[in-house]
Student: 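There's a structure below that I have some questions on.
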Amino acid sequence: SGGRTVALAGGVLSVRLSVQWLLRSLGFRVALVVNGLVSGFGILACCLLTQSTPAAVIVLLLYVIGFAQGFQFTTLNTVAYADIESNRLSAATSFSQLFQQLSQGCGVAIAAALLHLAVVWHGGQGLARGDVAIAFVGLACFGLAAVWSFWTMAADAGEEVSGHHSKPLPQGVPASD
């Protein structure tokens, strides 16, 4: 219902309260790896939802998924510009926005294709609960596969933006604020 949808939006909006602290504490690489795992397993957990699942559990799951999605968009948008020179920011912004829209469109297309294939596989008699579960598993696999690309980031990626230092600072050098 509408109240459950608000939980997803609440998760997205609450990112603003903690993103700076999380990035300063963990750095981009660790934050994105952990967030990718939370997001992927959160989507996978949707397979377990039934009509008898308590509303509070659904709301909590949607909040966590919303937070993870919001955190990922915010973090990727921030690190995308970390090493861009100011005279190239306009082009980088255009490219980043285009890539984001393509990614979202691909996600919707993949979900639709997985649903269609699941229905066809079960004889084309209409959409069943198991078909939706197959789509959630497929989407979770795509999300979890992205964790590898985050893991391969340099440990100090975006340090100057996040304030996180992967190596201890030399004696007498203050941390950037």
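Counting from 1, the numbers follow the sequence of the chain as shown.
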Student: Could you work out, with side chain to side chain donor-acceptor pair (under 3.5 Å) as the rule, every residue matching Arg88, not counting sequence neighbours?
Tutor: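 Checked Arg88 against side chain to side chain donor-acceptor pair (under 3.5 Å); zero matches.
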
Student: Enter the distance from Ser18:OG to Leu23:CG here, rounded to the nearest 0.5 Å.
Tutor: 9.0 Å

Student: Any link between Leu17 and Val34 through a network of hydrophobic side chains (Ile, Leu, Val, Met, Phe, Trp, Tyr) touching at under 4.5 Å?
Tutor: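 No, Leu17 does not connect to Val34 through the hydrophobic network.
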
Student: Quick check for you: to the nearest 0.5 Å, what is the distance between Leu37 atom CG and Leu44 atom CG?
Tutor: 12.0 Å

Student: Nearest 0.5 Å, what's the OG-CD distance between Ser25 and Gln20?
Tutor: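 Taking OG in Ser25 and CD in Gln20, the distance rounds to 10.0 Å.
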
Student: Which atom pair, heavy atoms only, marks the closest approach of Arg29 to Met153?
Tutor: CD-O, 3.0 Å

Student: For Ala92, which residues count as a side chain to side chain contact (heavy atoms under 4.5 Å, CB included) partner, sequence neighbours excluded?
Tutor: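 Per chain and number, Ala92 pairs via side chain to side chain contact (heavy atoms under 4.5 Å, CB included) with Tyr81, Ile84.
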
Student: Heavy atoms, side chains only, cut-off 4.5 Å: are Leu114 and Phe136 in contact?
Tutor: no

Student: Under 4.5 Å between side-chain heavy atoms, hopping through other hydrophobics if needed: is there a path connecting Val12 to Val6?
Tutor: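 No.
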
Student: Which other residues end up in the same hydrophobic cluster as Ile134, if Ile, Leu, Val, Met, Phe, Trp and Tyr are linked when side-chain heavy atoms come under 4.5 Å apart?
Tutor: Trp121

Student: Would you call Phe150 and Leu76 a side-chain contact if the rule is heavy atoms closer than 4.5 Å?
Tutor: yes

Student: Please answer: with hydrophobic residues joined when any side-chain heavy atoms are less than 4.5 Å apart, are Leu49 and Val132 in the same cluster?
Tutor: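 Leu49 does not cluster with Val132.
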
Student: Restricting to side chain to side chain donor-acceptor pair (under 3.5 Å), what partner residues turn up for Gln97, sequence neighbours left out?
Tutor: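 Scan of Gln97 (side chain to side chain donor-acceptor pair (under 3.5 Å), adjacent residues dropped) gives none.
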
Student: May I have the list of side-chain donor-acceptor pairs in residues 98-112 shorter than 3.5 Å, sequence neighbours left out?
Tutor:
unit_1 : atom_1 : unit_2 : atom_2 : d
Gln100 : NE2    : Asn77  : OD1    : 3.1
Ser103 : OG     : Phe99  : O      : 2.9

Student: State which residues pass side chain to side chain contact (heavy atoms under 4.5 Å, CB included) with Thr50; sequence neighbours excluded, sorted by chain then number.
Tutor: Ser52, Thr53, Arg129

Student: Are Leu115 and Leu139 in one and the same hydrophobic cluster, where Ile, Leu, Val, Met, Phe, Trp and Tyr link if side-chain heavy atoms are under 4.5 Å apart?
Tutor: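 Result: yes, single cluster for both.
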
Student: Would you tabulate the side-chain donor-acceptor contacts of residues 59-72 under 3.5 Å, counting partners in other chains and residues two or more places apart, or write 'none'?
Tutor:
unit_1 : atom_1 : unit_2 : atom_2 : d
Tyr63  : OH     : Ser14  : OG     : 2.7

Student: With a 4.5 Å limit on heavy-atom distance, are the side chains of Thr78 and Phe28 in contact?
Tutor: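 Touching, per the 4.5 Å side-chain cut-off.
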
Student: Could you work out, with side chain to side chain contact (heavy atoms under 4.5 Å, CB included) as the rule, every residue matching Leu26, not counting sequence neighbours?
Tutor: Leu22, Val30, Ala31

Student: Can you sort out the partners of His122 under side chain to side chain donor-acceptor pair (under 3.5 Å), two or more places apart, ordered by chain and number?
Tutor: Asp131

Student: Quick one: hydrophobic cluster around Leu13, which other residues, with the 4.5 Å side-chain cut-off, linked directly or via members?
Tutor: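 Direct or chained contacts put Leu13 with none.
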
Student: What residues form a side chain to side chain contact (heavy atoms under 4.5 Å, CB included) with Trp151, not counting sequence neighbours?
Tutor: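 Only Val33, Trp148 meet the side chain to side chain contact (heavy atoms under 4.5 Å, CB included) criterion with Trp151.
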
Student: For Thr74, enumerate each residue passing the side chain to side chain donor-acceptor pair (under 3.5 Å) test, keeping only those at least two apart in sequence or located in another chain.
Tutor: Arg16

